[in-house]
*Asks:* 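Quick one: structure below, then a few questions.
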2 protein chains.
Amino acid sequence: MTRATLKDVAAHAGVSHQTVSNVLNGHPSIRPTTRERVLSSISALDYHPNQAAKALREARVTTLCFASFEHDPDTLSDPYRNLIQAALTAEANAQGYSLATAFLAHDEASLDELRQRYLQRSIGGAVIIGTRLQAAQWERMTSWGMNVVLLDHFLPGTPHTVSADYASGMRALVAHHVARGRRDLALVLPTRDYGSTALMRRDSFFAAAKAHGVRARHIDGDWSYASGERALLELHASGDLPDALLGGNDRMATGALSAAHGLGLSVPGDLAISGFDDFDFVQYLHPKLTTVRVPHAEMAREAARLLIALTSGEDCVTPPPYPVSLIVRDSA
Amino acid sequence: MTRATLKDVAAHAGVSHQTVSNVLNGHPSIRPTTRERVLSSISALDYHPNQAAKALREARVTTLCFASFEHDPDTLSDPYRNLIQAALTAEANAQGYSLATAFLAHDEASLDELRQRYLQRSIGGAVIIGTRLQAAQWERMTSWGMNVVLLDHFLPGTPHTVSADYASGMRALVAHHVARGRRDLALVLPTRDYGSTALMRRDSFFAAAKAHGVRARHIDGDWSYASGERALLELHASGDLPDALLGGNDRMATGALSAAHGLGLSVPGDLAISGFDDFDFVQYLHPKLTTVRVPHAEMAREAARLLIALTSGEDCVTPPPYPVSLIVRDSA
DNA sequence: GTGAAAGCGCTAACAA
DNA sequence: TTGTTAGCGCTTTCAC
């Protein structure tokens with residue numbers, strides 16, 4: 001079955017093909033009777049405009065790209081990416097765009113692939129997640145002329161970023177631990193990713209601990225379960241256990257909790273443990289995890305809106321950080 | 001900066017635009033010197049073929065769609081969907097396709113949206129996951145002429161399905177429980193999704209239990225954490241606890257484990273618990289979850305290959321079920 | 001209000 | 001081996 005074209009519709013309705021085009025694009029000054037006739041021909045022939053032709057003629061790209069890092073532990077092990085993809089897709093579709101996918105690595109090849117897709121007009125811009133994005137990569141992308149919105153990741157000089165208010169989340173978390181009598185806090189967080197939101201969290205952590213007059217230290221991690229587990233094992237081996245361990249995300253907190261069980265530590269008796277994200281599974285851990293909820297989906301929708309606005313040539317302001325909320329359960 | 005076109009390259013190289021096209025498409029019978037000249041013009045002008053024009057002219061769609069169900073608990077709460085998306089993207093890109101995203105619901109609107117995208121040539125076919133896909137929906141999609149490959153879900157009459165060997169996984173699991181001395185097995189699994197792989201697992205479960213001469217029962221769930229939790233609470237309330245609880249997926253097993261902690265049951269002492277999937281987080285539960293590993297990523301690659309082959313008009317055979325493997329940890 | 005002409009960037013078919 | 005012509009399906013410009 002060969003699909004109907006604009007001309008077929010025109011012939012069927014007994015008008016010229018531009019008239020059909022005008023009807024389709026809601027142009028004014030079309031006689032209602034003509035419009036009716038055209039519309040009924042359209043549905044009679046089950047006509048659907050060819051996107052490729054439209055895109056070619058209008059020199060417009062209607063596909064956006066969601067790029068994340070393939071080997072980033074965040075990318076594949078958390079519901080995180082799913083939530084974001086769903087929200088981005090919904091917002092993009094609602095605005096007449098479709099959403100393509102890309103997984104980046106830290107080699108030239110993957111950046112080059114993205115570049116190809118942009119220059120070939122397969123994609124019009126990208127939303128990127130992943131604290132592994134380096135400033136140099138970001139610069140490369142924008143140097144092609146591509147619009148890029150960063151989700152949940154700051155980089156020096158990146159104007160279009162959607163993020164959450166990690167600072168106040170961290171302050172609330174520290175206050176909570178202190179209110180429960182904790183006096184020796186350890187934060188597990190990656191810091192090799194300079195410029196990322198991790199630094200903001202770390203700084204707020206130290207500032208808040210200082211304000212409360214409690215001890216604070218930082219242990220390096222890499223967002224993975226294993227690094228959370230390792231962090232607690234090392235603290236234990238050092239003989240200088242804190243009384244609260246703050247995971248920089250839910251996964252590291254989960255890993256630490258697992259290590260605590262292995263060491264025979266009672267949580268929260270011997271040690272309080274908290275997370276950051278609030279993914280589904282953390283309320284099924286034992287004990288149920290106290291954490292900070294980050295509104296990933298709303299942030300993603302905003303990122304899509306921002307990208308579309310940029311792509312349409314509007315000038316945009318980065319939205320303020322999204323509020324987060326402390327979710328108190330049993331682990332801290 | 002306005003991008004170079006085929007004509008610009010032709011002018012720069014002093015040949016006709018057709019010659020450039022021939023060089024690009026690897027046509028034979030081009031004099032090496034000409035080819036060299038054209039290639040150097042291409043890189044001098046940083047020329048990239050316009051995909052929209054190519055697609056229009058060739059009447060070819062180079063975008064595939066990955067569709068899943070928005071409100072399906074599997075879709076957003078597991079790493080599952082991420083793994084599949086990554087694998088599909090990799091395979092599609094490797095074969096020159098890009099991958100778009102769709103989230104379906106159970107209303108007419110979302111099916112219609114997919115139909116639009118297909119008829120507008122925005123997508124050339126779809127890989128669909130989700131046991132919530134109904135036979136009627138599948139029939140609708142194929143009635144448009146769209147190629148559809150189902151991932152991990154059987155439906156009566158669907159020829160193109162990629163799945164895993166759940167039957168033998170279930171047999172191995174039952175044998176394992178029995179070998180550890182369990183004599184009273186309960187399986188939590190949704191069965192309202194007729195036609196899905198759930199039925200295969202359930203049937204194998206009963207068959208295997210019978211073969212071993214142990215008691216077997218089935219409790220309904222809906223794949224979610226909460227339903228696993230509920231299942232164990234109900235069993236406990238009935239006063240007739242099994243000595244092994246088999247979660248139909250890792251999430252239900254996790255929910256049941258959480259309930260066991262709440263009830264003060266020791267796992268695996270009082271009760272063995274096992275899962276199905278082997279997602280990252282289950283090895284950080286307490287106790288670490290025994291489960292069956294399903295090769296989601298490989299299956300997804302195969303689904304992409306199958307869809308591309310179908311789209312190219314080849315006739316394809318559904319591949320045999322992928323082997324699964326029992327992963328023994330501490331919970332059973 | 002509606003139609004005729006032109007052309008987006010590319011490739012298939014032929015001519016040279 | 002290369003160039004010319006035509007046209008994919010659509011929208012824009014401008015007559016009528």
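In the text below, chain A, chain B and the rest are named by the order of the sequence lines, each starting its count at 1. All values reported here derive from a predicted model rather than from experimental measurement.
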*Asks:* Would you verify whether the NZ or CZ of A/R3 falls within 45 degrees of the ring axis of B/Y118 while also being under 6.0 Å from that six-membered ring's centre?
*Replies:* yes
*Asks:* Tell me whether A/R81 contacts the main-chain N or O of B/N82 through its side chain, where contact means a donor paired with an acceptor under 3.5 Å.
*Replies:*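 No, because the side chain of A/R81 does not come within donor-acceptor range (under 3.5 Å) of the backbone of B/N82.
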*Asks:* Mind running side chain to side chain contact (heavy atoms under 4.5 Å, CB included) on B/D152 and B/T197 for me, showing each step along the way?
*Replies:* CA-CA 7 Å; B/D152 213 9; B/T197 60; 4.1 Å; yes
*Asks:* Spell out, as yes or no, whether a donor-acceptor pair under 3.5 Å connects the side chain of A/T34 to the backbone of A/I30.
*Replies:* no
*Asks:* Within this structure, what is the CZ-to-P distance between B/R60 and C/dA12, rounded to whole angstrom?
*Replies:* 11 Å
*Asks:* Between the side chain of A/S110 and the main-chain N/O of A/L104, is any donor-acceptor distance below 3.5 Å?
*Replies:* no
*Asks:* Go along nucleotides 2-10 of chain D 5' to 3' and tag each nucleotide: B for a protein heavy atom under 4.0 Å from its base, S when only backbone or sugar atoms are that close, - otherwise.
*Replies:* BBBBBBBBB
*Asks:* Strictly distance-based, threshold 3.5 Å: is any side-chain N or O of B/W138 a donor or acceptor partner for the main-chain N or O of B/Q134?
*Replies:*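 No; judged by distance alone, with no hydrogens or angles, the pair does not exist.
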*Asks:* Dump the pairs, protein N or O against N or O of nucleotides 14-16 of chain D, anything under 3.5 Å, distances to one decimal.
*Replies:*
none

*Asks:* Give a yes or no on whether the ring-centroid distance for B/H106 and B/F69 is below 6.0 angstrom.
*Replies:*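 Judged by ring-centre distance (under 6.0 Å), B/H106 and B/F69 do meet the cut-off.
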*Asks:* One pair to check against salt bridge (charged side-chain N to carboxylate O under 4.0 Å, His left out): A/R115 and A/E108. What are the steps and the verdict?
*Replies:* CA-CA 10 Å; A/R115 177 163 183 271; A/E108 279 299 302; over 6 Å; no
